[in-house]
Every structure is written in C-alpha cells, then in structure tokens.
Amino acid sequence: MNKNIAVIRGDGIGPEIIREALRVLDKIAELYGHSFEYTEVDMGGCAIDKWGDPLPKEMLDKAIASDSVLLGAVGGEKWNDVPSTMRPEKGLLRLRAGMGVYANNRPAKIWKQLSDASPLRKEIVDQGIDFIIVRELIGGIYFGEHKTVGDTATDVLTYSEAEIERIGRIGFETARKRNHRLCSVEKSNVLDSSRLWKKVMHRLAAEYPDVTLTDMLVDNCAMQIVKNPKQFDVIVTENMFGDILSDEASQITGSIGMIPSSSLGSTSCGLYEPIHGSAPDIAGKDIANPIGTILSAAMMLRYSFDMEAEAKAIEDAVSAFLDQGYRTADIMSEGMQQVGCTQCGSLILENLR
Ligand code: NAD
C-alpha cells in the first residue's frame with residue numbers, strides 16, 4: 001500500500017521522538033512491502049519562528065490532504081510571551097478542528113514489565129490494567145461561549161444529539177474491537193447535557209447488541225480508575241470529563257512517555273501523537289522516551305490504514321525491548337540497562353520481524 005503521512009516534528013523533544021518513529025515505519029514498509037511518503041508540516045513554536053503563525057493555512061491544508069498525521073509535540077517557554085491566539089498550542093487546536101477529529105482515543109495499559117512504575121498497589125496492578133478512554137474532542141464546555149462580565153464568569157456547555165451520537169458510535173465500535181464492554185461516563189444526576197448523553201447512548205445500544213453498555217457518574221469513575229481499573233474495557237465520555245479522566249488514567253500506568261493516542265473523525269485520516277508534551281527540560285539530550293510516538297505510529301497503521309499485523313509487530317517489538325531489560329531514563333529501574341532515545345529506536349528496530 002502507498003500512504004502519504006503528514007509529519008509534524010514540532011518543538012522540544014518532538015524532532016527526536018519523531019525520527020525514531022519514522023525509522024520504525026520505514027522498516028515496516030520494507031518488511032511488508034508498503035511505501036510511506038512523508039510530507040513535512042510545520043506547526044507550533046517552530047512555525048511561529050519560521051512563518052509567524054503556529055499553523056499557517058497551507059500547512060493545515062497539507063495535513064488535511066494526507067492519509068494521516070503523525071505529531072511529536074509542540075510548545076515551550078520561548079513562546080510563552082506571544083499573544084494567546086498565536087501560542088504554539090493554538091496550532092494544535094486549529095489542527096484538530098480543521099481535521100474534524102472529534103474522537104480522541106487514549107489507551108491506559110500497564111506493560112507487565114513496568115508494573116513497578118505504577119503508583120497503585122501491587123495487588124491492583126497485578127490484576128491487569130488495559131482500557132481505552134474515548135473522549136469527545138471538539139464540543140462541550142471547551143468550545144462553548146466563554147465570558148466574564150464584572151465579577152461573574154460564564155462558560156457554556158452544549159451538546160447536540162448528533163454530536164453525542166457520533167462519539168457514541170466510536171465508543172461502541174471500539175468496544176467491538178476489544179472485549180465488548182462500554183462504560184458511558186456522565187453527570188446525569190446534575191446536568192441536562194449528561195441526561196441527553198445517557199439517553200442517546202441507550203438508544204444506540206439497541207444497534208450494538210453484542211456490546212454491554214453500563215453507565216457511571218464521572219465522580220465515581222474517577223474513584224473506580226484507581227480502585228478497580230480492571231473493570232474497564234472502553235470508557236466513552238464528553239470533552240472535559242475525558243480530559244481529566246485520561247490524565248488520571250495515564251498516571252496509573254507509570255510513565256507518560258509510553259502512551260500513544262489517536263484522534264479520528266468521519267474519515268480514515270487521523271491524528272496520532274504521544275500524550276506527553278514537548279518536554280523542553282530534556283530536549284536535545286537524546287534521553288527522551290520515543291515509545292509513545294512509536295506506538296502512536298502503530299495505532300495509525302491499525303486504525304487509519306487497516307494494517308493490524310504491522311501494528312501488532314511494532315507492539316511486540318516494544319514488548320520484546322522491555323523483556324530484554326532495556327529502559328529509557330524515565331522508566332529506568334534497578335538492574336535494567338539504560339539507553340537513550342536513538343538507541344531505544346535501534347533496539348526496537350532489531351526486534352521488528
Ligand atoms: P511534558 O509532558 O512536556 O513534560 C512533563 C514531564 O514529563 C517532564 O519532566 C518531561 O521531561 C517528562 N517527559 C515528557 N515526555 C517524555 C518522554 N517522551 N520521555 C521522557 N520524559 C518525558 O509537559 P509540560 O512540561 O507541562 O509541558 C511542556 C510543553 O509542552 C509546554 O509548552 C506545553 O504547553 C506543551 N504540551 C504540548 C502538548 C502537545 O503537543 N500535544 C501536550 C502537553 C503539553
């Protein structure tokens with residue numbers, strides 16, 4: 001298969017981690033007879049420096065025209081003083097909105113080799129943590145009206161049935177590809193938008209009889225994620241709840257350097273990125289963990305290109321790397337061998353079959 005991938009290296013550790021992910025993609029192309037072409041897209045602080053804009057229109061157009069987008073990370077102190085509409089992160093918000101990617105998908109998985117890194121008690125970790133949070137990404141309170149009049153501030157939370165239905169379907173479809181359990185998270189004891197959310201989810205459930213739907217209030221879900229994470233397979237929720245719960249979920253797995261994400265809309269062109277930021281404190285030192293980005297590339301192969309075997313090959317190569325006792329600095333523990341970013345990429349490449 002021929003695929004055109006828009007590559008956004010971004011700022012801080014972005015270029016280092018993307019370089020390793022591209023080496024892995026090149027190896028996959030060689031092993032499986034594909035051709036991946038990369039289109040460079042400037043976004044974030046580097047685009048401000050070069051073009052005076054965190055995401056110039058022609059860059060957004062290039063991303064939209066691609067088969068999928070692979071992103072490192074953007075941002076850094078250097079651009080803290082630019083006007084808020086021009087900040088590096090604005091480029092990312094514009095990219096998500098421009099691509100129409102409304103479903104953010106973040107796995108919370110604990111690698112058995114890294115179970116010591118979790119802040120949870122061993123007996124909870126040993127039960128296994130492996131679930132996905134599907135978060136609505138371009139609606140809700142973050143996109144409602146924001147205003148401050150005198151000493152009163154207002155933020156508006158709105159969801160239409162259509163917006164809930166399209167993210168709900170992604171939740172059900174994701175559960176279908178996994179263990180057929182979907183937990184819909186809302187605050188229907190207080191919010192009208194959550195009562196509508198719940199109603200739509202239950203209407204959709206009739207179309208997915210093979211998926212078991214349960215409901216949970218968001219405050220309870222926040223507790224259950226640390227108390228009994230094994231109960232979850234797929235969680236589907238609205239934008240702000242998903243933002244908070246997915247950060248909580250990433251923490252119980254140990255290192256944010258390991259976690260990939262995907263954002264999808266109504267086409268197969270998705271946005272794939274690690275969940276961490278540009279880590280300016282370690283940029284340029286060749287010590288960043290590239291695994292979150294490498295696993296994001298694997299998600300791209302699975303969800304946008306339908307290349308399941310290729311995605312699995314990458315995940316197995318990462319698992320083998322960990323089995324062999326190699327660790328980057330962020331996941332280092334006693335008795336393991338510490339490696340840098342480039343060496344981590346090389347060792348994963350060697351494990352690719
Ligand atoms: P961060 O995720 O960049 O870093 C938090 C901590 O985790 C740091 O100590 C960092 O060294 C470490 N870390 C992060 N990724 C790592 C990796 N792959 N390997 C090893 N260690 C890693 O968060 P921050 O410091 O709050 O933000 C830094 C910049 O990134 C800010 O400008 C922020 O706005 C931006 N940011 C961008 C994105 C994005 O591009 N999607 C997301 C979050 C933050």
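Excluded from the calculations below are hydrogen atoms, water molecules and symmetry mates; all remaining heavy atoms, backbone and side chain alike, are included. These numbers were taken from a predicted model, which means no experiment stands behind them.
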Under a 3.5 Å distance rule, please check whether [X] uses its side chain to pair with a backbone N or O of [Y] as donor and acceptor.
| X | Y | value |
| --- | --- | --- |
| H34 | M1 | yes |
| E16 | I13 | no |
| N289 | I291 | yes |
| S193 | T158 | no |
| R96 | V101 | no |

With sequence neighbours excluded, tell me which residues meet ring pair (Phe, Tyr, Trp, His ring centres under 6.0 Å) with [X].
| X | result |
| --- | --- |
| Y303 | none |
| F232 | F131 |
| F143 | none |

Please tell me whether [X] and [Y] are part of a single hydrophobic cluster in this structure, the criterion being side-chain heavy atoms less than 4.5 Å apart.
| X | Y | result |
| --- | --- | --- |
| V339 | I287 | no |
| L92 | I48 | no |
| L71 | L93 | no |
| I164 | I170 | yes |
| I282 | M332 | no |

Who are the salt bridge (Lys or Arg N to Asp or Glu O under 4.0 Å) partners of [X], not counting sequence neighbours?
| X | result |
| --- | --- |
| R87 | E89 |
| D330 | none |
| E334 | none |

Inset, instruction - For D247 and R106, run salt bridge (Lys or Arg N to Asp or Glu O under 4.0 Å): C-alpha distance rounded to whole Å, both residues' side-chain angles, the deciding distance at 0.1 Å, then the answer. - result: CA-CA 10 Å; D247 265 17; R106 264 199 200 186; 3.2 Å; yes
For [X] and [Y], which I'm curious about, is there any donor-acceptor pair between the side chains at under 3.5 Å?
| X | Y | value |
| --- | --- | --- |
| E37 | N2 | no |
| E145 | T154 | no |
| Y159 | E136 | yes |
| S278 | D11 | no |

Drop me the distance from [X]'s [atom1] to [Y]'s [atom2], to the nearest 0.5 angstrom.
| X | Y | atom1 | atom2 | value |
| --- | --- | --- | --- | --- |
| L182 | T214 | CG | OG1 | 7.0 Å |
| L271 | S296 | CG | OG | 9.0 Å |
| S194 | K199 | OG | NZ | 14.0 Å |
| T174 | I133 | OG1 | CD1 | 12.5 Å |
| L322 | M336 | CG | CE | 9.5 Å |
| L25 | E310 | CG | CD | 11.0 Å |

Inset, instruction - Can you run down the side-chain hydrogen bond (donor to acceptor under 3.5 Å, both in side chains) pairs that involve residues 65-77, sequence neighbours left out, and say none if there aren't any? - result: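 For residues 65-77, and leaving out neighbouring residues, the side-chain hydrogen bond (donor to acceptor under 3.5 Å, both in side chains) pairs sorted by first residue read S68-S304.
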With heavy-atom distances below 4.5 Å as the criterion, would you say the side chains of [X] and [Y] are in contact?
| X | Y | value |
| --- | --- | --- |
| I129 | L120 | yes |
| L157 | L191 | yes |
| E186 | M201 | no |
| D316 | N351 | no |
| W51 | M59 | yes |
| M43 | V74 | yes |
| T328 | C341 | no |
| I314 | L352 | yes |

Inset, instruction - Locate the shortest heavy-atom distance separating D130 from R178; write the atom from each residue and the value. - result: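 Closest approach of D130 to R178: O-NH2, 2.9 Å.
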Legend entry - Minimal non-hydrogen separation, G345 against E20, with atom names: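 What the structure gives for the nearest pair is CA-OE1, 3.4 Å.
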Pair up each side-chain donor or acceptor in residues 256-268 with any protein partner under 3.5 Å, not counting sequence neighbours, and list the distances.
residue	atom	partner	partner atom	Å
S261	OG	E273	O	2.8
S263	OG	N104	ND2	3.1
T267	OG1	C269	N	3.2

Inset, instruction - Output all residues satisfying side-chain contact (heavy atoms from CB on, under 4.5 Å) with D49, sequence neighbours left out; order by chain, then residue number. - result: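 So D49 forms a side-chain contact (heavy atoms from CB on, under 4.5 Å) with K78, W79.
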Inset, instruction - Could you tell me whether D26 and R23 make a salt bridge, using a distance below 4.0 angstrom between a side-chain N and a carboxylate O? - result: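 Between R23 and D26 there is no salt bridge, as every charged N stays at least 4.0 Å from the carboxylate O atoms.
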Inset, instruction - Could you tell me whether K109 and E315 make a salt bridge, using a distance below 4.0 angstrom between a side-chain N and a carboxylate O? - result: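 E315 and K109: not salt-bridged.
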Legend entry - Stepwise side-chain contact (heavy atoms from CB on, under 4.5 Å) test for F36 and L22: CA-CA 9 Å; F36 298 140; L22 296 188; over 6 Å; no
Inset, instruction - Give the intermediate values and the outcome of side-chain contact (heavy atoms from CB on, under 4.5 Å) for residues V24 and L349. - result: CA-CA 6 Å; V24 168; L349 277 184; 4.1 Å; yes
Inset, instruction - Count the heavy atoms belonging to other residues, nucleotides or ligands that lie under 6.0 Å from CG of N228, then report whether that count exceeds 12. - result: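 Buried by this count: over 12 neighbours within 6.0 Å.
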Inset, instruction - Might you confirm whether atom CG of D81 has over 12 heavy atoms from other residues, nucleotides or ligands at distances under 6.0 Å? - result: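 Not buried by this count: 12 neighbours or fewer within 6.0 Å.
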Indicate every side-chain donor-acceptor pair of residues 215-227 with a distance under 3.5 Å to a residue at least two apart or in another chain.
residue	atom	partner	partner atom	Å
D215	OD1	H202	NE2	2.9
D215	OD2	H202	NE2	2.8
D219	OD2	K187	NZ	2.8
N220	OD1	Q224	NE2	3.1
Q224	OE1	Q231	NE2	2.9

Anything under 3.5 Å between a donor and an acceptor, one on a side chain of residues 236-243, the other on a protein residue two or more places apart or in another chain? List them.
residue	atom	partner	partner atom	Å
T237	OG1	V185	O	2.9
E238	OE2	M240	N	2.7
E238	OE2	F241	N	2.8
N239	OD1	R135	NE	3.0
N239	OD1	R135	NH2	2.8
N239	ND2	L137	O	3.2
N239	ND2	G139	O	3.0
D243	OD2	Y142	OH	2.8

Inset, instruction - Report the C-alpha distance between S319 and Q113 in whole Å, list the side-chain angles of each, state the deciding distance to 0.1 Å, and finish with yes or no for side-chain contact (heavy atoms from CB on, under 4.5 Å). - result: CA-CA 8 Å; S319 192; Q113 302 93 331; 3.1 Å; yes
Inset, instruction - Mind jotting down which residue pairs meet the salt bridge (charged side-chain N to carboxylate O under 4.0 Å, His left out) criterion with at least one end in residues 200-213? Sequence neighbours excluded, please. - result: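 Listed once each, the pairs are E161-R203, E165-R203, R169-E207, R176-D210.
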